[in-house]
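Report on one structure; see the data block that follows.
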Amino acid sequence: METVADCIFCKIVAGEIPADIVATSTGAIAFRDINPKAPVHCLVIPTEHYENVAELAAADPEVLAELVGLAEGVAMMAADTPGGESFRLIFNNGAEAGQAVFHVHGHVLAGEKLGWNPA
Ligand code: DGP
């Protein structure tokens, strides 16, 4: 499996640093964000290292679809909250868009009626 030695998310995949993993699939995992912005705030990541969502989509669209499926599963865990079955899935792509960790990750936000909607 391709990894990047100093990538914090590769270390989470490898079990070298702890994370609250809530779901897994063949090529992806979901774990709670260390700095949650909603009652449910998880990250969905591929187990293999890709820098951003565009790179992942070009290289392995099936794993990108896995990330979406995991995101839906994570959101369903909060289905009995005010947010119901709704969720937001955000990929920051590039530093100027807010990406700080360069192992592609989708932010899954759920568990409340979500505010701020720039789109
Ligand atoms: P972004 O700005 O889109 O690259 O989001 C990076 C997210 O990763 C940010 O919300 C905080 C989270 N994060 C960074 N380091 C760790 C970590 O070691 N563990 C966990 N669970 N989350 C982390």
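Numbering of residues begins at 1 and proceeds along the displayed sequence. All ligand and atom numbering here is 1-based and tracks the order in the structure.
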For [X], take its heavy atoms, then give the atoms of ligand 1 lying under 4.0 Å from any of them.
X	result
His107	1 (P), 3 (O), 5 (O), 7 (C), 10 (O)
Ile8	18 (O)
Phe31	20 (C), 21 (N)
Ala100	1 (P), 2 (O), 4 (O)

Should [X] and [Y] count as side-chain neighbours, where that means a heavy-atom distance under 4.5 Å?
X	Y	answer
Leu64	Phe91	yes
Leu109	Val40	no
Gln99	Val101	no
His107	Val44	no
Lys113	Pro82	no

For Glu85, look at atom CD and say whether over 12 heavy atoms of other residues, nucleotides or ligands are found less than 6.0 Å away.
no
Exceeds 12 heavy-atom contacts within 6.0 angstrom, atom CD of Glu96
no
Among the heavy atoms of [X], does any lie under 4.0 Å from an atom of ligand 1?
X	result
Gly98	yes
Lys37	no
Asp33	yes
Phe9	yes

Please state which protein non-hydrogen atom is closest to atom 1 (P) of ligand 1 and give its distance, to 0.1 Å?
His105 NE2, 3.1 Å
Residue and atom name of the nearest protein heavy atom (relative to atom 21 (N) of ligand 1), distance in Å to one decimal
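The protein heavy atom lying closest is Arg32 O, 2.9 Å.
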[X] N/O to ligand 1 N/O under 3.5 Å:
X	answer
Ala19	no
Ile34	yes
His41	no

Would you say the side-chain atoms of Glu55 pair up with the backbone N or O of Tyr50, donor to acceptor, closer than 3.5 Å?
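Answer holds: no.
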Any chance you could measure Ile8, atom CD1, to His103, atom NE2, to the nearest 0.5 Å?
12.0 Å
How long is the gap from CD1 on Ile90 to NE2 on His105, to the nearest 0.5 Å?
10.0 Å
Mind checking whether Leu43 contacts ligand 1 via backbone (N, CA, C, O), side chain (CB onward), both or neither, at a 4.0 Å heavy-atom cut-off?
side chain
Residue part near ligand 1, for Asn92, under 4.0 Å between non-hydrogen atoms:
side chain
